[in-house]
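Computed from a predicted model, the values in this text were never measured in an experiment.
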Amino acid sequence: MAANNPNSPRQKMINLMYLVFIAMMALNVSSEVLDGFELVENSLSASSANSSKRNEQVKSNLDKAYQANPTKVGEWYEKGVKVKVQSDELYNYIDELKLRIVQVSDGEKGDVGNIEHKDDLEAASRVMLAPVVGEGKKLKERLEGYRTNMCDIVSDPAKIEMFEATINTETPKKAGIIAGSWEAALFENMPVAAAITLLTKIQNDIRYIEGEALSTLITNVDVGDYRVNRIQALVIPKSQIVTSGMPYEAQIVLAAVDSTKQPDYYLGETLLKNDYISMSTSGVGERSISGKVVADGETYPFDAKYSVTESTATIAPTLMKFLYESIDNDLEIAMPGVPSGAVSASLTGSGSIKLKEKNIWTVTGLNMSSSPNVKVTLNATVGGRVVSASQDFKVRPLPEPLPFITYKDTDGNSRKFTHGQIAKRSLVDAPGVQAAIDDGVLNVPHTVTGFTMTVIDAMGNSIPEVSNSNEFTPRQKEFIRNLARGKRFYIGNVKALDPMGKPLTIRYSMEIIVN
């Protein structure tokens, strides 16, 4: 009997090892998930870099307009400078936060572009949520201030609504969990890889808002006032970036022209029928066009540049770079220069794909045993030409769920308990045991159909009590009421049904200490 005594050194060592094992399992983050965050981070960084280049071009156009007529453009130019300065300051501040988080996890030589400890769950919390010096609250305040300033600058109700939706600092809500604040919801117990990706996403939003604000300002410049100084022929393209195989389209505009007279428009030396340009494209690279407008015997030359890019498409899972069987997988699908309504998608392999909303498609019915890989193919018809793209995905089984107990805290909020100490009153009031895959990326509930509660008596004997549902039995409740403070019991052999109704036994158990 001495070997089974809960107070013996051997038993204490076993208990300690079990606690360490449970903690390690609770903190384990899938390497595939972390690699998925890295892929999303790279994509967001590339998108942010492209947005920065476009914004620089728009700002350059505003600068040129100011140099041509500082009296008229001065107001919009000054606002443009404010937009640029405030956007860069906030963007660079977030860059500093990313570096600090990585240095906490990897040391002073930590590199945001090459993170070693992607699964570190403490670094983001230390930088963003530390008492007094935590940057999370400061970041929220700076984002709100930036959003307010940008809304004041554009004054367009539609864009104001867009800005408020893009930078939303309300506390996110998640089923079964109520976060205390916006910053806690984003950074508490968040792996470094996920925290860096979240911050890059915010930087991407900043560049987007910066671009929209600058575009609004340059639109507000009344080019008609330039007639007192000069007459200029302009080329206004629908887009300065054209996908290979798609037409380059632009409109030729002559400022301060008499509307009762029709000028002659030339592309090169070729006389056009009207002021509209439509020409085929091939290959990739920067292109240029030039011509002239002849009106009232005067000739006004024009020239413009545009870029032709490869035909590309985006097929990105909203979760990670593979698809799961047993659940619905959402894909964000887009083809540059093609309206979302003109894109069709098909699936090769098990399962099916259908449009969910706008550019979100859902893949369902995947079966890894029959189709370990599937292919998503896109097709669109643009200007009589068929454009297509495809992407292969691996099919993976769902991760194993974890059991937990839902209880109410002192404020009446629902909380999840997985192991450790918990008040006896919370246990007595709790209805039973639940299970779900909930790792911060997936949130897939399972239906618990039974579990075993094991209590160790004073002699060190194990007393099991089985529930054939997800609820505590009256006898299990009685065991809990009779346990003294500091005593522990175990819940294991949890049986559940996955989202497709397939039965399984969860191999993880719960160690519970009565507080």
Side-chain angles (χ1 to χ4, degrees), residues 1-28 175-178 180 189 400-438 445-498 503-515:
M1 298 299 293
N4 293 325
N5 189 330
N7 295 318
S8 68
R10 176 179 179 276
Q11 188 62 38
K12 288 181 178 179
M13 179 59 69
I14 292 173
N15 293 341
L16 179 59
M17 291 174 65
Y18 188 84
L19 285 172
V20 172
F21 172 75
I22 293 295
M24 291 175 66
M25 295 304 298
L27 293 174
N28 183 45
I177 300 177
I178 300 178
N189 294 326
E400 188 166 351
L402 293 175
F404 61 89
I405 295 173
T406 300
Y407 69 97
K408 300 284 187 180
D409 62 15
T410 55
D411 296 325
N413 299 320
S414 294
R415 301 292 184 185
K416 284 185 178 180
F417 173 81
T418 56
H419 69 282
Q421 295 184 348
I422 186 173
K424 182 187 291 187
R425 172 52 57 191
S426 297
L427 284 171
V428 172
D429 293 341
V433 177
Q434 297 172 275
I437 301 170
D438 187 358
H446 287 54
T447 302
V448 174
T449 59
F451 62 91
T452 300
M453 172 179 169
T454 303
V455 179
I456 310 298
D457 65 13
M459 301 298 295
N461 299 313
S462 298
I463 304 176
E465 178 64 26
V466 178
S467 172
N468 292 319
S469 69
N470 68 321
E471 297 182 352
F472 288 118
T473 66
R475 183 172 172 81
Q476 288 174 337
K477 290 277 191 177
E478 188 62 27
F479 274 137
I480 294 173
R481 292 189 184 95
N482 292 334
L483 286 174
R485 180 185 178 91
K487 294 296 183 181
R488 65 192 68 207
F489 64 92
Y490 305 89
I491 290 178
N493 195 32
V494 179
K495 301 183 182 301
L497 301 176
D498 70 8
L504 57 88
T505 299
I506 301 174
R507 60 191 174 93
Y508 301 116
S509 60
M510 303 170 62
E511 182 183 43
I512 302 171
I513 304 172
V514 177
N515 188 6

K.L.:
So which heavy atom on Pro403 is nearest to which on Val433, and how close?
P.N.:
CB-CG1, 4.2 Å
K.L.:
To the nearest 0.5 Å, what is the distance between CZ (Phe479) and CG (Leu427)?
P.N.:
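Phe479 CZ to Leu427 CG: 14.5 Å, rounded to 0.5 Å.
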K.L.:
Please report the shortest heavy-atom distance between Ala436 and Pro445, naming the atom on each side.
P.N.:
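Nearest pair, atom of Ala436 first, then Pro445: CB-CA, 3.8 Å.
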K.L.:
Okay, side chain of Lys424, backbone of Leu483: is any donor-acceptor separation there less than 3.5 Å?
P.N.:
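Looks like yes, one N/O pair under 3.5 Å.
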K.L.:
Write down the atom of Thr406, the atom of Pro431, and the distance for their closest heavy-atom approach.
P.N.:
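Closest pair (atom of Thr406, atom of Pro431, distance): O-CD, 3.9 Å.
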K.L.:
At what distance, to the nearest 0.5 angstrom, does NZ of Lys416 lie from CG of Asp438?
P.N.:
4.0 Å
K.L.:
If you take all heavy atoms of Tyr407 and Ile422, which pair is closest and at what distance?
P.N.:
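Where Tyr407 meets Ile422 most closely, the heavy atoms are CD2-CD1, 4.0 Å.
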K.L.:
Does Glu478 come within less than 4.0 Å of Arg475, counting only side-chain N to carboxylate O?
P.N.:
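The answer is no: the pair does not qualify as a salt bridge.
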K.L.:
Is any side-chain heavy atom of Ile512 closer than 4.5 Å to one of Ile480?
P.N.:
no
K.L.:
Asp429 and Lys408: side chain to side chain contact (heavy atoms under 4.5 Å, CB included), yes or no, with the steps?
P.N.:
CA-CA 8 Å; Asp429 293 341; Lys408 300 284 187 180; over 6 Å; no
K.L.:
Spell out, as yes or no, whether a donor-acceptor pair under 3.5 Å connects the side chain of Glu511 to the backbone of Arg488.
P.N.:
no
K.L.:
Using 0.5 Å steps for rounding, measure from the OG1 atom of Thr454 to the CZ atom of Phe489.
P.N.:
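Here the interatomic distance stands at 10.0 Å.
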K.L.:
How long is the gap from CE on Met453 to CE on Met510, to the nearest 0.5 Å?
P.N.:
11.0 Å
K.L.:
With a 4.5 Å cut-off on side-chain heavy atoms, are Ile513 and Lys487 touching?
P.N.:
no
K.L.:
What do the steps show when you test Val455 against Asn482 for side chain to side chain contact (heavy atoms under 4.5 Å, CB included), and what is the final call?
P.N.:
CA-CA 11 Å; Val455 179; Asn482 292 334; over 6 Å; no
K.L.:
Between the main-chain N or O of Asn413 and the side-chain N or O of Asp411, is there a donor-acceptor pair closer than 3.5 Å?
P.N.:
no
K.L.:
Nearest heavy-atom pair of Gly492 and Ser509: which atoms, and what distance?
P.N.:
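Closest pair (atom of Gly492, atom of Ser509, distance): CA-CB, 3.9 Å.
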K.L.:
Among Thr452, Thr449, Val448, Asn468, find the one that has a side chain to side chain contact (heavy atoms under 4.5 Å, CB included) with Lys495.
P.N.:
Thr449
K.L.:
Indicate the atoms forming the closest heavy-atom contact of Glu400 with Thr505, along with that distance.
P.N.:
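Taking every non-hydrogen atom into account, OE2-O, 3.8 Å.
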K.L.:
At what distance, to the nearest 0.5 angstrom, does CD of Gln434 lie from CD of Glu471?
P.N.:
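With rounding to 0.5 Å, CD (Gln434) is 10.5 Å from CD (Glu471).
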K.L.:
For Phe451 and Ile506, what are the C-alpha separation, side-chain angles and deciding distance, and is it a side chain to side chain contact (heavy atoms under 4.5 Å, CB included)?
P.N.:
CA-CA 10 Å; Phe451 62 91; Ile506 301 174; over 6 Å; no
K.L.:
Which distance, rounded to the nearest 0.5 Å, do you find between the CG of Asp409 and the OG of Ser414?
P.N.:
8.0 Å
